[in-house]
Amino acid sequence: MFEKLKNLKTYEAGKPVELVVRKYGIKPEEIIKLASNENPYGPSPKVIQAVKQNTPFMHRYPDDSYYELKEKLSKKHNVKNSNIIIGAGSDQILEFAIHAIKPKKVLTAGITFAMYEIYSKQVGAEILKTPSKEHNLNEFYEIYQKQKPEIIFLCVPNNPLGECLDAKDVFDFLEKIDSETLIIIDGAYQEFAAFKDKNKEIIPSKILDYPNVLYTGTFSKAYALGGMRVGYGIANEYIIKNLYKLRPPFNITTLSLIAAVKALEDEEWVKKGIENNFKQMQKYIDFANENNLKYINSWTNFIVFYIKNSTKIANELLKKGIIIRDMSSYGFDALRITIGKPEENEKLLKILREIN
Ligand SMILES: *Cc1c(COP(=O)(O)O)cnc(C)c1O
């Protein structure tokens, strides 16, 4: 019955707090979760207050046009409402795009966000990966010329590695790809990259001139609304109009909609979180340097460093109530750690220093 799903893997999300509570009997408030690139500070108090105030309206569907959210996003990104589609996380936008095109071939970096492959295989596509783990646009172009994939994914910056292409190189690449191929620029961590280095900033309004480019953004990372499931796509009206054909009605919730709108009214909060992120990241870089561990320079809210026995270390940490991501399933020993609050990072680093 399910032969067509034979080659499909289930997405492995970061381990939930609940699992560690059940398995190791640790109190939920003592668990440190640094595995899913969530914002450890949570959303602005104004967001929380607005959601609370609106709980009595949860029996109502949201405004299905998402007018207010699109108004705010269109001002922020200097595009029109008609250039925006809202999704249940940016994941849903990726799903719309792949299901809309039903590609035969999809091209991605050697190691990148797992959902590209999962959605592609759902429609029977073959996944082409560059030999390099990290994004290498020369390799992308070479494979593109030979194989003519219908979709190319650029994850800028890349999850789970953290590296980031220069915006200029991305735009040079767009120029070389003909309009039969859709290029999806996944900007899930763009807020972090743009803060750290303006050369990494992809300005979504600049992609509207291309007939074949879709930008995706999310409220799950910098905006701290992972649990609310809100993301968006920005593209020319022709692309957006077609993606709309895949969208179920009311695809985000009444409370998610309120939360996203309010989050955009407190950009100061978001900026503070990003500033703290890079300050705290330095502690991990110091740790790596002290111990001669190689790490990948990161433009995101997580950092990867290579360390022997990463599976064993991740399991030991789990028993102590600390959840991080072991990268050994990618074929090399490394850990991906989401940057937490100061006290969380201190505690984790103390244990890592003891183990190492
Ligand atoms: C987190 C993430 C997303 C999407 O997250 P949503 O919660 O679905 O918005 C998309 N791409 C990458 C690379 C991510 O890390």
Side-chain angles (χ1 to χ4, degrees), residues 11-16 33-40 42-43 66 69 73 84-99 106 108-120 122 129 133-135 151-165 170 183-194 200 202 204 214-234 243 246-248 251-253 255-257 259-260 263-264 270 273-274 277 296 298-304 324-325 327 330 336-339:
Y11 181 80
E12 226 183 285
K15 291 191 173 63
K33 187 183 179 217
L34 302 175
S36 297
N37 305 340
E38 294 147 328
N39 181 330
Y66 306 134
L69 178 55
L73 279 172
I84 302 173
I85 182 167
I86 305 297
S90 57
D91 260 320
Q92 195 179 33
I93 308 296
L94 307 177
E95 182 183 12
F96 293 162
I98 294 171
H99 283 251
V106 173
T108 75
I111 293 183
T112 190
F113 191 48
M115 290 313 298
Y116 307 154
E117 180 165 348
I118 292 175
Y119 289 132
S120 297
Q122 284 174 3
K129 293 181 186 176
K133 298 190 197 83
E134 303 176 19
H135 285 68
I151 299 180
I152 298 175
F153 277 100
L154 299 180
C155 194
V156 193
N158 188 19
N159 177 21
L161 297 181
E163 97 278 5
C164 189
L165 290 167
V170 171
I183 302 152
I184 301 178
I185 300 175
D186 184 339
Y189 302 92
Q190 262 294 316
E191 292 86 355
F192 296 95
K200 307 290 185 188
I202 307 277
L214 169 65
Y215 175 93
T216 58
T218 182
F219 285 87
S220 298
K221 308 287 159 59
Y223 286 87
L225 293 177
M228 297 305 264
R229 315 301 305 125
V230 189
Y232 55 93
I234 295 180
L243 295 184
L246 282 281
R247 189 188 71 97
N251 58 324
I252 67 170
T253 74
L255 296 178
S256 307
L257 179 59
L264 288 173
V270 175
I274 296 172
N277 172 66
I296 301 175
S298 169
W299 279 265
T300 64
N301 63 349
F302 59 85
I303 188 160
V304 170
I324 58 169
R325 205 79 188 240
M327 304 278 290
Y330 292 101
R336 190 195 72 186
I337 297 176
T338 304
I339 311 302

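Below, all heavy atoms of this structure are taken into account, side chains as well, without hydrogens, waters or symmetry copies. We count ligands from 1, going down the list as the structure has it; atoms in each ligand are counted the same way.
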Inset, instruction - Hey, can you tell me if Tyr232 and Tyr215 have their rings parallel, tilted or perpendicular (30° and 60° cut-offs)? - result: tilted
Legend entry - Pairs satisfying side-chain hydrogen bond (donor to acceptor under 3.5 Å, both in side chains), at least one member in residues 88-97, at least two apart: Gln92-Asn251
Legend entry - ring-ring contact (aromatic ring centres under 6.0 Å, His included) against Phe192, all qualifying residues, sequence neighbours excluded: none
Inset, instruction - Not counting sequence neighbours, which residues clear ring-ring contact (aromatic ring centres under 6.0 Å, His included) with Tyr119? List them please. - result: none
Inset, instruction - Give, for atom NE2 of His135 and atom OG1 of Thr112, the distance between the pair rounded to the nearest 0.5 Å. - result: 4.5 Å
Within the protein, flag every N or O under 3.5 Å from an N or O of ligand 1, and note the pair and distance.
unit_1	atom_1	unit_2	atom_2	d
ligand 1	7 (O)	Ser220	OG	2.5
ligand 1	7 (O)	Arg229	NH1	2.6
ligand 1	7 (O)	Arg229	NH2	3.3
ligand 1	8 (O)	Ser90	N	3.3
ligand 1	8 (O)	Asp91	N	3.1
ligand 1	8 (O)	Asp91	OD2	3.1
ligand 1	8 (O)	Arg229	NH2	2.8
ligand 1	9 (O)	Ser90	N	2.7
ligand 1	9 (O)	Ser90	OG	3.3
ligand 1	9 (O)	Thr218	OG1	2.5
ligand 1	9 (O)	Ser220	OG	3.4
ligand 1	11 (N)	Asp186	OD1	3.3
ligand 1	11 (N)	Asp186	OD2	2.6
ligand 1	15 (O)	Asn159	ND2	2.8
ligand 1	15 (O)	Tyr189	OH	2.7
ligand 1	15 (O)	Lys221	NZ	2.9

Legend entry - Minimum heavy-atom distance between Ile296 and Leu161, given as atom pair plus value: CG2-O, 3.5 Å
